[in-house]
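Inspection log for the structure reproduced underneath, given as structure tokens.
When reading the values below, keep in mind they use all heavy atoms of this one structure, side chains included, and skip hydrogens, waters and symmetry mates. First listed ligand is number 1; within each ligand, the first listed atom is number 1.
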Amino acid sequence: MGATELSPDVAIIGGGLAGSALALALSQTPLSVVLIEARDPSQLQQPSFDDRATALANGSKRILDTLGLWDEVGCHAAPITSIHISERGRFGAARIIAAEENVAALGYLLENRVLGAALWQSLSRAERFTAVAPAQVRSLEPGHDTVLVRAETGGREIDIRAKLAVAADGTQSQVRELLGIEALQDDYAQQAVILNCRTEIPHGGRAFERFTTDGPIAFLPLVGDRVATVWTLPQNEAERVMRLDDRAFICELQNAFGYRLGRLTKVGQRSAYPLMRLRSESLVAERTVLIGSAAVNLHPVAGQGFNLALRDVAVLAEVLSDALLESGPQADPGADSVLERYCRWRTRDQQRVAAFTHGLIRFFGHASAPLAISRGLGLMLFDLIPGAKAGLARHTMGLSGRLSRLARGLPLLPRRGASSGR
Ligand SMILES: Cc1cc2nc3c(=O)[nH]c(=O)nc-3n(C[C@H](O)[C@H](O)[C@H](O)COP(=O)(O)OP(=O)(O)OC[C@H]3O[C@@H](n4cnc5c(N)ncnc54)[C@H](O)[C@@H]3O)c2cc1C
């Protein structure tokens with residue numbers, strides 16, 4: 001028996017946070033979408049949907065709101081009302097305070113599991129949407145008018161002939177490999193140990209980022225009295241603390257973080273993630289585009305990875321919608337001109353955020369005394385110069401640069417019956 005054939009406008013490979021958000025955005029356009037995911041989405045075991053919590057920038061909150069998702073997930077999201085940045089054993093600290101930036105919150109902490117479940121639930125109601133999962137992609141062949149994605153699901157072959165393929169298949173992107181696109185990689189030789197814990201003093205919406213000689217530690221507010229902890233350590237140290245019993249672990253974590261939230265009273269399950277910086281040498285190939293961590297993967301120090309990915313999603317959805325507005329139903333979503341437009345829009349933001357994140361790690365990772373003093377001074381000056389804080393705050397809140405329609409609260413396409421003037 002021959003392979004089943006599907007012919008959508010867009011085939012998305014990877015149904016993690018980036019791929020499923022793109023599918024949801026495109027469900028608000030006339031484009032048909034097939035989403036191919038390696039894991040079984042009902043098990044919610046994708047790497048994207050694990051125990052981690054993601055710090056969502058205000059720009060990301062707006063995108064999720066415009067997609068109609070915030071109503072569902074907002075009650076599970078904890079607002080960050082201030083961020084305290086310090087260095088262990090050094091003077092100087094900086095604070096970014098939401099009220100001073102005239103925003104209700106600097107960002108929101110949301111558990112990946114909650115966001116992933118809401119995305120897939122919304123997709124189950126979407127029109128012109130088909131999920132192929134669990135499925136393995138076998139090959140990808142870009143052609144003149146279409147790109148052929150061959151996948152295997154439940155022991156049978158399925159051919160997906162789309163006008164555009166989107167690689168949202170994560171840092172180790174198979175699509176990137178199949179297309180022979182090189183990626184620049186920097187292994188930080190560090191792991192992030194992730195856990196949720198309870199503290200003696202309520203967080204009150206405060207987030208803490210503390211730089212230590214081993215790596216940064218973040219304590220981020222969750223809904224209720226829990227705190228999400230991201231503890232970055234050299235690889236062998238991370239492996240060692242992962243093996244400690246809870247009492248010994250609490251003792252070491254407390255020692256590294258200090259007592260700003262009083263005693264740590266309870267720690268939850270720990271998991272560890274190897275950290276690397278990755279940048280794909282190209283964001284596009286013939287009839288194919290790379291988004292999310294398939295395109296750029298960052299150190300989690302500044303909580304920017306998914307925020308960047310969501311901006312990829314919003315811009316790609318807008319560029320595809322613009323093609324529909326310009327050419328009507330005959331529009332070709334995989335045309336070179338469409339992909340070039342996407343590339344031009346996204347490259348600068350990606351490079352800036354990657355350089356900023358990498359710079360933070362290099363700057364605070366250096367133990368030399370003169371640099372340590374200048375860091376202390378830098379943090380103090382940064383705290384005293386409102387312009388510097390406002391600039392950084394706007395950038396990390398995802399509110400700087402050219403904003404997509406979704407990030408401005410506008411629909412991708414004019415609503416039916418609305419007047420055409422913009
Ligand atoms: C410790 C840690 C903390 C973080 N904290 C933050 C934060 O606070 N804020 C923030 O913005 N970002 C944060 N990030 C980054 C964020 O988690 C990632 O940017 C985000 O998960 C990327 O999503 P993605 O969908 O691109 O990739 P992934 O999450 O890797 O998803 C890829 C998906 O593709 C599927 N897949 C893979 N290969 C195939 C294939 N061949 N065929 C079909 N499907 C396939 C996988 O099963 C998976 O579901 C953090 C990252 C880490 C490691």
Side-chain angles (χ1 to χ4, degrees), residues 11-23 34-41 43-57 59-61 80 107-112 115-116 119-120 131-140 149-153 160 165-178 188 190-195 207 209 215-216 218 220 222 228-232 238 270-278 280 290-313 353-354 357 396-398:
I12 303 171
I13 299 122
L17 291 177
S20 53
L22 178 67
V34 168
L35 178 58
I36 306 148
E37 165 55 43
R39 317 268 178 121
D40 183 346
Q43 306 292 311
L44 289 181
Q45 280 169 342
Q46 285 105 314
S48 255
F49 305 162
D50 54 21
D51 286 327
R52 277 173 294 171
T54 290
L56 294 170
S60 299
K61 179 205 167 210
I80 303 171
Y108 295 83
L109 248 286
L110 183 61
E111 279 153 291
N112 288 13
L115 183 55
L119 278 165
W120 275 82
V132 178
Q136 277 305 315
V137 169
R138 294 284 173 231
S139 62
L140 185 129
V149 183
R150 183 156 286 160
E152 197 182 306
T153 180
I160 299 137
V166 181
D169 53 347
T171 313
Q172 306 302 332
S173 170
Q174 187 193 358
V175 173
R176 201 180 56 226
E177 204 169 294
L178 285 170
Y188 288 113
Q190 287 182 328
Q191 289 193 9
V193 176
I194 309 291
L195 64 143
E209 181 92 47
L220 307 162
L222 287 171
T229 301
V230 183
W231 188 6
T232 311
R270 296 163 232 165
S271 39
Y273 298 83
L275 300 181
M276 64 139 62
R277 176 172 76 148
L278 178 142
S280 171
L290 277 66
I291 66 163
S293 56
V296 181
N297 186 61
L298 303 172
H299 194 290
V301 62
Q304 291 293 308
F306 177 62
N307 291 297
L308 198 64
L310 207 50
R311 297 206 283 279
D312 292 350
V313 165
V353 174
T357 305
T396 50
M397 282 191 287

Contact (N/O only, under 3.5 Å) between [X] and ligand 1:
X	answer
Val137	no
Ala55	yes
Ala309	no
Ala18	yes
Ala192	no

For this session: Please identify each residue that fulfils side chain to side chain contact (heavy atoms under 4.5 Å, CB included) with Ala167, with sequence neighbours left out.
Result: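 Ala167 satisfies side chain to side chain contact (heavy atoms under 4.5 Å, CB included) with Asp169, Ser173, Val175, Leu290 once adjacent residues are dropped.
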Side chain, backbone, both or neither: the part of [X] lying under 4.0 Å from ligand 1 by heavy atom:
X	answer
Gln304	backbone
Ala168	backbone
Ile13	side chain

Which option, [options], owns the non-hydrogen atom nearest [atom]?
atom	options	answer
atom 24 (P) of ligand 1	Gly16, Ser293, Pro300, Gly292	Ser293
atom 1 (C) of ligand 1	Ile194, Val132, Asn112	Ile194
atom 40 (C) of ligand 1	Gln174, Arg52, Gln136, Glu37	Gln174

Would you check if [X] and [Y] make a side-chain contact, meaning some heavy-atom pair closer than 4.5 Å?
X	Y	answer
Tyr273	Arg52	yes
Leu115	Thr54	no
His299	Thr232	yes
Pro300	Leu275	yes

Using every non-hydrogen atom in the two residues, find where [X] and [Y] come nearest and quote the distance to one decimal.
X	Y	value
Gly215	Gln190	CA-NE2, 4.1 Å
Leu35	Ser20	CD2-CA, 4.3 Å
Leu220	Ala207	CD2-CB, 3.9 Å

Under 4.0 Å from a heavy atom of [X]: give me the atoms of ligand 1 that qualify, with their elements.
X	result
Gly170	27 (O), 30 (O), 32 (C)
Ile36	43 (C), 44 (N)
Arg39	47 (O)
Thr54	7 (C), 8 (O), 9 (N), 10 (C), 11 (O)

Exercise. Short question: side chain of Asn297, backbone of Thr171 - any donor-acceptor pair under 3.5 Å?
Worked result: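 No; zero donor-acceptor contacts below 3.5 Å.
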For this session: Sequence neighbours left out, what passes ring-ring contact (aromatic ring centres under 6.0 Å, His included) with Phe306? Give chain and number order.
Result: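 So Phe306 forms no ring-ring contact (aromatic ring centres under 6.0 Å, His included) with any residue.
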